[in-house]
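Order of the sequence lines sets the chain letters (A, B, ...), proteins ahead of strands, with each chain counted from 1. All heavy atoms count here, side chains included; hydrogens, waters and symmetry mates do not.
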Amino acid sequence: MRGEVKLNNYSLEAVADEVLRRKVPLVPNKTLNRWFATGPGQGRHRCIEYVNSRAMLNLEIINQLDLVNRTSELARVFGIDFFSVLSRGSQFRVESMLLRLAHTQNYLAISPGNQQVASQPAMECMPLVMEPESAFYSDPVLVLDFQSLYPSMIIAYNLCYSTCLGKVFPSKSSVLGVSSYSADPHTIADLKNQLILTPNGVLYVQPEVRKGVVPRLLEEILSTRIMVKQALKKLAPSQKVLQKILNARQLALKLIANVTYGYTAAGFSGRMPCAELADSIVQCGRRTLETAISFVNQHPLWNARVVYGDTDSMFVLLKGRSREEAFRIGKEIASLVTAINPDPVTLKFEKVYHPCFLLTKKRYVGYSYENPEQNEPIFDAKGIETVRRDTCPAVAKMLERSLRIMFEEQDLVKVKSYVERQWTRILSGKVSIQDFIFAKEVRLGTYSARASSLPPAAIVATKAMLSDPRAEPRYAERVPYVVIHGEPGARLVDMVINPYGLLEVGSPYRLNELYYITKQIIPALQRVFGLLGVNLNKWFKEMPRPTRSTLAKRQSALGHGSRDSSSIRLGWNKKPSAKVARIDTYYMSSHCTICGDTVQGSETFCSYCLKNEAVVATVVTGRTSKLEREIQHLAAVCGHCGGADWIMESGVKCVSLACPVFYERLKIQKELRVVSESAGEAGYYPFCCGELF
DNA sequence: TATGCCACCTAC
DNA sequence: TCAGGTAGGTGGCATA
C-alpha cells in the first residue's frame, strides 16, 4: 500500500477508509484474547468473526485497486513474470526490455563487475534548478514543461552506450563508463560531419552511422504509448475492462521511459552505469531548458519573465496581463519553443497560476487553471506543508485554509482573523487530537550511533517494544506520536509519546499547544506570509486573550455577580517582560469547570463556584445529561461501523486512530469524568442508569 | 549565535 | 541477496 496510496498511516483501518471508503473497527488484542478465552458458544465467535473480516479486507482492497490486472499488464509490457513486477526493482525491468532489443541487433551483453562499477568516475553534471524570485504573484504565471525531457534527449541526440565515442578531450586513462576506451583519431576525422558533441564534451555518432539501442528502445516505447492512448480514446464508454487494461499499459510505458535515465546513472546499485552517458543526458536537458528560458526572456512581444524553473519546467510571469491573454501567450511559447528543438522534444503548456506564491526551490503553491474556460481554480501545492507528511494535519489544514483565504480575498486581515480563531481553539483545547498526531517512518537499526538520540517516532516505537516486543514496527513503518508538556527546558525527544497515552481517559498528559503553535504552525505560515511583510509571532503575541469581560459574561450567565478584580489571578499582557512565561503559565494551569476562570494546580472548580452548591448541582446535572446523550449518539454511530453488532455487546471496544469518532468519544468521556470528579469535590454525585460514575 | 550533522520527505 | 538517480528544504540537536 505504501506504493499505491499516499497516507499518513498505513494501518488497515486507514487503508480501508482511503481505498474502500469504509470505516472498520480496531479491537485491541487484549479484548480479542478475552473474547477467545470465553470458549465456544460464549464469545469466541466474536474474535473469529473479527479476524476473518480483516482477512477479507485484504482481498477487497486488492480488488478495489485492481492490483492483479495492473500487475499482469506490467508483466506483459516489460516481459517479466508476475511476481518479479512486485519483488524486483526497476533495473530488472529496463534490462528485460533492453536486452531483448539488443539481441535483435546482434549485440552481446557483457556486464561489468562490482569492482568496476564502484570505481567508475563520479557524475559531474547537474540539472538546472533556478532560485525562484520568492514573492506573492497576483499576475498570471504560466507553467510549461518539457514532456519526457530525458527520454527526448536520448532520442534526439542518439545518446547510447553503443553510440558513445568518449570524451572529446580524453584523460590519460581514457576512462569511459566502467571501462576504458578512446576512439581512434582517424575514425573521428572520418566521421567529422556525422558526430554529435554534447555539452559535457562527449562525442556520439549520428543515427545515420549507428542508431543507438537505448534511443531505439525509447522511440518504440514512446510511439507505442501514443498508439495505446489513441486506442484508449476510441473505446466506447461501456468498454470499462479494456479501458483499464490500456490505461495500465500506457502508464507502464511511461514508467519505463522515465527510469531508463536512472539505469544509466545507477552508481550505487547499478549493473551497467555510464557516468559520461548519464551526464550527457542531464546536460543536454539543462541546455535545452536554458535555451528555452532565454528565448522566452528575450522575445520582444511577450514582455515575459521566467521567474522559476526546475530540470524541465519554466514558470513565466506575465505582468499586467489577463488570464485570457496568458492562455494565448502560453500556447505561443509552447509551440515556438517546440519548433526550435529537434524532434521529439516538446514543450507543453500545463497551466496558469493565478495567483500564486513562489517560496523557495521546489516549494510553491497557487490557484491553477488548465484551460481558459475553467472557472473554479484548483489548489495546487508543491513541496509545502500541505502536501508533506512530516508535519501534523493541523499545520497542513491551517496553511491551506490561510492560503485559500489569501488567494480568494487577497486580504491579510481575513487571514489574521482566521489564524487567531484557530489559535484560540487550540489553546482552549477545542480541537481534535487527531489533527495533532505526527507519523513518521521508522527504520530501527539504521540510526547513527553518533547522534545524541533516536528520532521522536523511533523513541515512541522503542518504548512500546519494552512492554510488548511484538510492537516492533516493520521497516519504514509510519509510527504515530504526539508532543506533550514536559519539564521546563525539556528536549522534544523527552516530550513525545504514543497518542493512546494522551487519549486514554485519566491520562496525566496534556497536549503541548505552545509547541504546535510556535514550532510548527507559525514557522510554516511565516514562510508564506512573511513574503507579504507579516510577522506571525507578533500576531500570536498580540492576539486577544480570554479577558475579564468574556469571563464576566459567562459568569453572569451562570448567575454570578460581579467579582472583585483582586480575584484575577492571571491576566494577559500585564507585564510585557514576562509575557512568554505568562502565556505558558496560563495554559499550564487548569480552568474552572463552571466559569472557565483559571485555577491553581489540578482543582476543577474555582473557590468561588465551589461555595455555591446550587450552581454546582445545576451545572453538573445539565452537563452530565448532555454528555450522556452525546455518548449514546456516538455509540450508535460506532454500532453501524462495519455492520458489526457484536461491538455493542459489551460497549464500544474500537480504538481506531483512523476514525474521528474515536477521538470525539474519548473527549466526551474525559469531560464526563471531569464533571463527575468535580461534583464529588463539591459533595454532589450524579447518577446514570442507577450507576454512579 | 553560527555551523555541521542527521533524519525525513518531497520535486523532478 | 538485492536495491533507478540527484537536488533541496526544514527541524532538532550538539558543538564550536
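Ring orientation note: the planes of A:Phe357 and A:Phe529 are nearly perpendicular, at an angle over 60° on the 30°/60° scale.
Between A:Arg388 atom CZ and B:dC8 atom C1' there is a gap of 7 Å when expressed in whole angstrom units. At whole-Å resolution of the value, CD in A:Glu385 and C1' in B:dC8 are 13 Å apart. Between A:Asp145 atom CG and B:dC12 atom P there is a gap of 8 Å when expressed in whole angstrom units. Distance, A:Lys6 NZ to B:dC9 C1': 9 Å, rounded to whole Å. Distance CG (A:Leu359) to P (B:dA11): 13 Å, rounded to an integer number of Å. Going from atom CG of A:Leu454 over to atom C1' of B:dA7 covers 11 Å, rounded to whole Å. Regarding A:Glu477, its CD atom lies at a distance of 18 Å from the C1' atom of B:dA7, rounded to whole Å. Between the OH atom of A:Tyr308 and the P atom of B:dA11 there is a distance of 10 Å, rounded to whole Å.
Between A:Glu73 and A:Arg76, at least one side-chain N (NZ, or NE/NH1/NH2) sits under 4.0 Å from a carboxylate O, which counts as a salt bridge. Note on A:Glu220 versus A:Arg216: no salt bridge recorded, every NZ/NE/NH1/NH2 to OD/OE distance being 4.0 Å or above.
If A:Glu131 and A:Ala266 are placed on DNA chain C by their nearest nucleotide, the residue sitting closer to the 5' end is A:Ala266. For the pair A:Gly262 and A:Asp390, nearest-nucleotide mapping onto DNA chain C gives the more 5' position to A:Gly262.
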(request) Convert the base pairs of DNA chain C into dot-bracket notation, remembering that pairs crossing earlier ones are written with [ ] and that bases paired across to another strand are shown as |; include only Watson-Crick or G-U pairs under 3.5 Å. (result) ....||||||||||||
(request) Could you give me the CA-CA distance, side-chain angles and deciding distance for A:Asp81 and A:Ser84, then say whether side chain to side chain donor-acceptor pair (under 3.5 Å) is met? (result) CA-CA 5 Å; A:Asp81 65 294; A:Ser84 292; 2.5 Å; yes
(request) Take A:Gln520 and A:Tyr515 through the test side chain to side chain donor-acceptor pair (under 3.5 Å) and record every step on the way to the result. (result) CA-CA 7 Å; A:Gln520 296 288 327; A:Tyr515 170 82; 3.0 Å; yes
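A donor-acceptor pair shorter than 3.5 Å can be found between the side chains of A:Tyr204 and A:Ser280.
By the 6.0 Å and 45° rule, A:Arg305 does not stack over the aromatic ring of A:Tyr137.
Residue-level contact check: A:Pro523 touches the backbone only, with heavy atoms under 4.0 Å from sugar-phosphate atoms and none from bases. Across all strands, A:Tyr364 comes closer than 4.0 Å only to sugar-phosphate atoms, never to a base (heavy-atom distances). When heavy atoms are screened at a 4.0 angstrom cut-off, A:Phe438 is found touching no nucleic acid atom at all. Here A:Val387 lies in heavy-atom contact (under 4.0 Å) with sugar-phosphate atoms only. Within the nucleic acid shown, A:Met123 has no heavy atom closer than 4.0 Å to any nucleic acid atom. Nucleic acid contact class of A:Ser448 (heavy atoms, under 4.0 Å, all strands): sugar-phosphate only.
Chain A approaches DNA chain C over the interval C:dA3 to C:dA14, counting the first and last nucleotide 5' to 3' with an atom under 4.0 Å from its heavy atoms.
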Throw together a table of side-chain donor-acceptor distances under 3.5 angstrom for residues 436-443 of chain A, partners on residues two or more places apart or in other chains.
{"from": "A:Glu441", "atom 1": "OE1", "to": "A:Arg443", "atom 2": "NH2", "distance (Å)": "2.7"}
{"from": "A:Glu441", "atom 1": "OE2", "to": "A:Arg2", "atom 2": "NE", "distance (Å)": "3.4"}
{"from": "A:Glu441", "atom 1": "OE2", "to": "A:Arg2", "atom 2": "NH2", "distance (Å)": "3.1"}

Show me, pair by pair, the donor-acceptor contacts under 3.5 angstrom made by side chains of residues 257-266 of chain A, not counting sequence neighbours?
{"from": "A:Thr260", "atom 1": "OG1", "to": "A:Ile256", "atom 2": "O", "distance (Å)": "2.7"}
{"from": "A:Tyr263", "atom 1": "OH", "to": "A:Glu95", "atom 2": "OE2", "distance (Å)": "2.7"}
{"from": "A:Thr264", "atom 1": "OG1", "to": "A:Tyr261", "atom 2": "O", "distance (Å)": "2.7"}

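Looking at heavy atoms from C-beta onward, A:Gln283 lies out of side-chain contact with A:Val202 at the 4.5 angstrom threshold. Proximity of A:Leu98 to A:Val213: side-chain heavy atoms (C-beta onward) are separated by under 4.5 Å at one or more points. Side-chain contact between A:Lys361 and A:Glu131 is present, with at least one heavy-atom pair separated by less than 4.5 Å.
Judged by atom type and distance alone, A:Arg389 does not reach the base of B:dC9 through any side-chain donor-acceptor pair under 3.5 Å.
Atom CD of residue A:Gln120 and atom CD of residue A:Glu276 lie 8.5 Å apart, to the nearest 0.5 angstrom.
Shortest non-hydrogen contact noted between A:Val387 and A:Lys382 is CG2-C, 4.2 Å.
Within residues 491-500 of chain A, the residues approaching DNA chain C are A:Arg491, A:Leu492, A:Val493, by heavy-atom distance under 4.0 Å. Sorted by residue number, the members of residues 309-317 of chain A with any non-hydrogen atom under 4.0 Å from DNA chain B read A:Asp310, A:Thr311, A:Asp312.
Nucleotides C:dG4 and B:dC12 have their C1' atoms positioned 14 Å apart, rounded to a whole Å.
Tested against A:Pro151, the residues A:Leu218, A:Ile221, A:Ile281 include a single side chain to side chain contact (heavy atoms under 4.5 Å, CB included) partner, A:Leu218.
Distances shorter than 4.0 Å separate some side-chain N or O of A:Tyr447 from OP1 or OP2 on B:dC8.
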